[in-house]
Structures are given as C-alpha cells and as structure tokens.
Trainee: 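I'd like to ask you about the structure that follows.
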Amino acid sequence: MATEMEQGFSRERRVRSIISRASELIESTLTQDYGVPREEAGRLEEELFTWFDRLSRRPGVPESRKMLQSHLISMTCKVGHVYWSGRVGESPADERVRRALALGPEIIAIEVEKQLDATNGSDVNP
Amino acid sequence: MTASLIPFPGKGYTLSPEEAKIAAESVLATSIEQRRERSAELNLEDPEQLLWICTSLWRLGEIEPAKAHREAEFFYGFLESPKRQIGIFDEKDYYLGEFALIAGGCSRILSKRVQAKEWFDVAETHFVLAHNASAHVARLAYQRLALKLEEREFESVLHLAPRWADCFARLDLPEDALKCRFLEAAALKETGRLEEVKRSFQEIKLEAGKRRFDRLMGMASESLFQVHAFLGEVSEAVTEAREAAVILRRLDNRVNLAKLQLGVGYLLRSQGNLAESVEAFRGAQQQFAEIEMHADVAATHLVLADILLDAAQPAQAEWEIRAALPIIDELKLVPEGIAAVSLLRDSLRRREIDRHALRSLNGYFEELGS
C-alpha cells in the first residue's frame with residue numbers, strides 16, 4: 001500500500017510540474033490580460049503558487065493534473081479581475097484589459113487554459 | 001464564487017509545511033482553555049497550520065469523535081470571531097466551512113442529529129464563498145445523505161446516492177463517489193436483498209483496495225461481515241471480521257472497531273451463544289463509552305435487555321432499559337420511535353417489559369450499528 005509519504009511526494013511533484021508549466025502563462029495573463037504592473041504581478045504570482053500548493057492538499061480537490069491545473073488558472077483570472085475591482089473609479093486604458101474585465105474571469109480562464117493545453121500539447125496527461 | 005469576493009492577500013510569515021505539521025500537533029496538545037490566550041505564540045491564524053489541523057481532526061473524528069467535535073468547534077469559533085484576516089484568497093471561507101463540516105460530521109457520528117444539521121447549514125454558508133465550491137457542496141451532500149441513512153430514510157438514500165456518486169465521479173473525486181455507493185449498499189441492506197447487497201459491498205471493497213482507500217476498505221469489510229452473519233455464513237463472516245479488524249486497528253479507527261465488536265455480539269447471539277454474546281456486547285458498549293458515543297451505549301443497553309429477557313433475567317433486563325432511557329431522552333434519539341419509548345416506559349412502571357416495544361426500539365437503533 002502506498003504510504004502517506006509516497007502520496008505526498010507524488011502530489012508535490014504534480015503541483016511543481018503544473019506550476020513550472022503554467023508559470024509563464026500566468027505572468028502574461030496578469031500583466032497583459034489584466035494589466036497588473038510587473039512587480040505587483042510577481043508578488044501575486046508567488047501568492048498564487050503558495051495558495052495552489054495548499055489547495056492541492058485540501059479534501060475535495062481532484063488529483064488529475066488537468067483538473068488541478070484548472071484551479072490555478074481560474075484563481076489567477078479571479079485575482080486579475082479583483083485587482084481592478086479594488087481600484088474604485090479607475091478604468092483601464094488598455095483594450096485587452098477592458099475586454100478581460102468585460103468578459104469576466106470565468107471566460108478568460110477558459111481561454112488561458114486552452115492556450116496552456118496548446119502549449120503543452122500531448123504532454124498534459126489527464 | 002465571483003471575483004469580487006476574493007480579498008487581497010495579507011502579508012506576514014507563514015510556517016513551512018514541515019514546521020506547520022509539528023506545530024499543529026503541539027497546538028492540539030494544548031488545552032482549549034489555554035489556546036485563545038496563547039493564540040499568537042501558537043500561530044493559530046497560520047493557514048498552513050490550519051490545514052494540518054483539519055487533516056488531523058478528520059482522522060481524530062474516527063478515533064475520538066467527541067474530542068474532534070470540541071476541537072472543530074473551537075477552531076470555528078476562533079476563526080469566526082473576532083473577524084480575522086486568515087491566509088490568502090478564499091482560505092478563510094474554506095477553513096470556516098471545513099471546521100463546520102468536521103463539527104457536523106462528528107455530531108452525526110455521535111448521533112447528535114439536530115446539531116449535525118445546524119453545522120452542515122453553517123458549513124454551506126462558507127463553502128459557497130470558497131473556491132471549488134461545487135466539490136465542497138457535494139461533500140456536504142454526502143454528510144447529509146449519511147445522516148438520512150441514520151434517520152432510516154432509506155428510500156431517499158437509494159434515490160440520491162447514485163446521483164451523488166455520479167456527481168463525484170464527474171468531479172474526479174473517486175473516493176467520495178465510492179463512499180456514496182457504500183451508503184447506497186447500506187440502505188439496500190434494509191430492503192432484505194442481501195445477496196445483491198453482498199455483491200455491492202464486495203465490489204466496493206475490491207475497488208477501495210485497488211485505489212488504496214484503506215478506510216473505506218475496512219468499512220466495506222466490516223459491512224460484509226454483517227451481511228455474511230445475517231445470511232448465516234459464519235466462516236465467511238469470521239474471515240471478514242478478522243480482515244476488517246486488521247485494517248481498522250492499523251487506522252486506529254475506534255468508531256468502526258466498536259461497531260465491529262457489536263457485530264460480533266449479534267453473530268454470537270444468532271448462533272445461540274447468549275453468554276458469549278453478552279460479553280461481546282458489553283465489550284462494544286465499553287468501547288462506545290470510552291469514545292463518548294452515548295447513543296450507541298444506549299442502543300447496546302436495549303440489545304442486552306432483549307438478550308437478558310431471553311435468558312430469563314428480567315430484573316437485569318429492566319436495569320439495562322432504565323440505563324438507556326435517560327440517554328434516549330437527553331439526546332432526543334429516535335423521535336420516530338417516541339411511541340415505542342413511551343410503551344416501554346409504561347411497561348417498566350408495571351414491572352412487565354413490553355417486548356414488542358423493546359424490539360421496535362432496537363429496530364430504530366439498528367442504523368447506529370451499521
């Protein structure tokens with residue numbers, strides 16, 4: 001029987017691999033889709049990875065890479081969206097950011113995930 | 001969850017997973033009374049530590065459910081009031097939901113059904129605001145379904161369990177899906193289609209074994225033991241009981257070990273070994289008492305009373321019933337069996353135990369032992 005430690009290692013490997021594959025895309029989502037300044041985006045990215053690592057250890061979280069990855073992307077888009085919600089009275093000048101805010105984080109997450117799947121191709125095992 | 005519900009992250013040092021695991025053990029070893037005063041020193045707001053505490057409490061729920069309930073209640077209260085900034089993004093809502101769910105799950109194990117329902121409602125108010133809300137709401141539905149089984153709402157369990165199993169499968173949560181199939185098989189047991197039930201539990205045990213869901217494998221083995229015993233398949237029953245005991249002991253699952261011991265009592269009784277069955281039931285009762293499962297203690301008193309009547313010991317039987325009734329009153333158990341309780345109480349006054357009322361009450365309690 002697999003020990004808890006073995007299961008932990010396998011989870012950790014999966015999480016690290018998802019983070020390393022998604023890292024670049026997450027940064028570009030925050031900076032380009034949501035117009036978050038680079039420094040702030042770096043800080044948020046770090047928070048996202050810490051959160052994601054803990055999320056992967058909650059009950060009720062799927063084990064498959066594909067479904068686990070969705071959670072990271074989804075939270076990234078929510079965080080990008082909230083970045084602007086917190087700036088009362090300010091509206092972004094960038095057309096791409098305006099589009100992301102108009103469509104909402106759920107739609108943007110679907111687009112980002114598609115991009116990620118295309119980038120990773122057949123490497124993304126369910 | 002809508003994006004506007006996500007607070008921006010708080011700052012500050014967070015324990016590493018390794019540090020948090022050790023620290024969580026030390027927090028749980030500190031008395032609840034001391035914890036609030038030492039909350040800063042104990043890092044009670046640390047999200048990494050809270051995660052470990054949740055994991056520990058789920059485990060503790062099957063070892064000492066009353067203790068796990070008190071702990072979950074404490075952490076829920078601590079996080080809820082005064083308002084605190086806990087963790088990042090959705091973490092506070094998640095932890096509040098999780099502690100409420102643990103408190104509800106433990107209340108259910110302790111047969112405190114009203115309390116369990118209240119905790120489940122509270123958990124829901126937090127989970128809907130947390131990330132991955134659909135999975136958490138489904139986990140809540142599982143607990144509510146298990147409660148329905150204990151309330152003997154078998155039709156409802158048979159109707160809903162396969163649907164939730166399918167839902168969990170689609171959420172890629174195979175263990176939860178299998179747990180729903182387990183509830184369905186347990187409800188089916190009441191319909192008397194025991195051969196079908198046996199096959200279901202065998203499939204669940206096999207699947208749990210393949211996927212290394214040890215807890216579920218132990219519980220399926222324990223249920224198979226009961227089914228074999230009902231069918232009079234003694235040697236198969238004994239083999240399953242041994243297998244279940246090995247798994248449950250390894251997991252230190254005291255709740256199910258006590259239920260297994262109760263099953264041994266029923267098996268011995270069905271074979272006509274009254275003296276040995278009384279001993280087995282007393283052993284189970286002792287185990288239930290040690291882990292504060294008072295409803296099960298009361299149920300075992302009633303079973304013992306029935307056996308003692310068979311053994312022509314009416315005075316002893318009366319004593320057992322008198323021991324059970326205050327617990328039934330206090331915990332407001334078997335509301336659906338209130339007439340039987342009343343008949344039994346009247347018969348005690350007449351010093352002539354109403355056997356029919358006693359057996360009817362035993363029937364209401366059966367699900368506690370399954």
Side-chain angles (χ1 to χ4, degrees), chain A residues 1-8 10-12 15 34 36 40 43-87 100-101 103-109 126, chain B residues 1-11 14 16-18 20-21 46-52 54-55 58-59 87-91 94-95 97-98 101-102 127 130-140 142 168-176 209-214 217 247 250:
Chain A
M1 300 223 169
T3 62
E4 252 176 66
M5 201 180 273
E6 284 168 345
Q7 286 169 353
S10 123
R11 181 205 58 80
E12 211 176 305
V15 167
Y34 287 102
V36 178
E40 183 77 348
R43 187 186 66 79
L44 285 175
E45 218 183 319
E46 222 172 276
E47 299 278 4
L48 275 164
F49 296 154
T50 305
W51 170 85
F52 180 62
D53 176 53
R54 278 204 287 272
L55 173 100
S56 72
R57 284 178 280 145
R58 292 180 190 176
V61 169
E63 285 192 8
S64 78
R65 168 196 289 276
K66 175 95 177 104
M67 288 186 79
L68 197 53
Q69 170 189 289
S70 294
H71 288 294
L72 179 59
I73 303 297
S74 155
M75 187 53 98
T76 301
C77 297
K78 285 172 186 169
V79 164
H81 196 98
V82 169
Y83 176 82
W84 283 102
S85 311
R87 300 176 156 249
L101 295 179
L103 289 176
E106 289 83 7
I107 305 286
I108 302 300
Chain B
M1 179 166 76
T2 62
S4 59
L5 296 170
I6 311 166
F8 263 83
K11 294 193 172 58
T14 303
S16 71
E18 295 74 24
K21 190 178 181 182
D46 186 277
E48 189 66 48
Q49 182 171 254
L50 288 169
L51 190 59
W52 281 110
C54 287
T55 307
W58 276 117
R59 208 167 291 158
I88 42 183
F89 309 138
D90 71 329
E91 287 187 309
Y94 165 69
Y95 286 125
E98 196 69 17
L101 184 63
I102 296 170
F127 278 151
H131 184 80
N132 197 21
S134 53
H136 295 307
V137 168
R139 291 171 66 225
L140 253 170
Y142 165 80
F168 279 118
R170 289 171 65 184
L171 286 166
D172 191 24
L173 298 169
E175 187 171 7
D176 297 270
K210 269 191 220 157
R211 292 181 175 267
R212 299 170 176 178
F213 302 150
D214 289 5
M217 197 180 159
I247 301 169
R250 180 156 38 85

Trainee: Report which part of B:Leu173 has an atom under 4.5 Å of a heavy atom belonging to chain A: side chain, backbone, both, or neither.
Mentor: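 The side chain, not the backbone.
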Trainee: Any donor and acceptor pair, going by atom type alone, linking the side chain of B:Asp172 with main-chain N or O of A:Met67 inside 3.5 Å?
Mentor: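 Flag not set: sc B:Asp172 to bb A:Met67 has no pair under 3.5 Å.
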Trainee: Below 4.5 Å from any heavy atom of chain A, which atoms of B:Tyr94 appear? Answer side chain, backbone, both or neither.
Mentor: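 The side chain, not the backbone.
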Trainee: At a heavy-atom separation under 4.5 Å, does A:Leu48 approach chain B through its side chain, its backbone, both, or neither?
Mentor: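 Both backbone and side chain.
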Trainee: Over all heavy atoms of both residues, which pair between B:Ala135 and A:Gly60 is shortest? Give the atoms and the distance, please.
Mentor: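 Taking every non-hydrogen atom into account, CB-O, 3.3 Å.
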Trainee: What distance do B:Phe89 atom CZ and A:Leu44 atom CG have between them, rounded to the nearest 0.5 Å?
Mentor: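 Rounded to the nearest 0.5 Å, the CZ-CG separation comes to 6.0 Å.
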Trainee: Just wondering, do A:Arg58 and B:Glu98 contact through their side chains at under 4.5 Å, heavy atoms?
Mentor: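 Counting from C-beta outward, B:Glu98 and A:Arg58 never come under 4.5 Å.
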Trainee: Looking at residues at least two apart in the chain, or sitting in another chain, which of them share a side chain to side chain contact (heavy atoms under 4.5 Å, CB included) with B:Pro47?
Mentor: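 Listed in chain order: A:Arg54, B:Thr14, B:Glu91, B:Tyr95.
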Trainee: Under a 4.0 Å N-O cut-off, is there an ion pair linking A:Arg57 with B:Glu48?
Mentor: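 Answer for the salt bridge query: yes.
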Trainee: State which residues pass ring pair (Phe, Tyr, Trp, His ring centres under 6.0 Å) with B:Tyr142; sequence neighbours excluded, sorted by chain then number.
Mentor: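 B:Tyr142: no ring pair (Phe, Tyr, Trp, His ring centres under 6.0 Å) contacts found.
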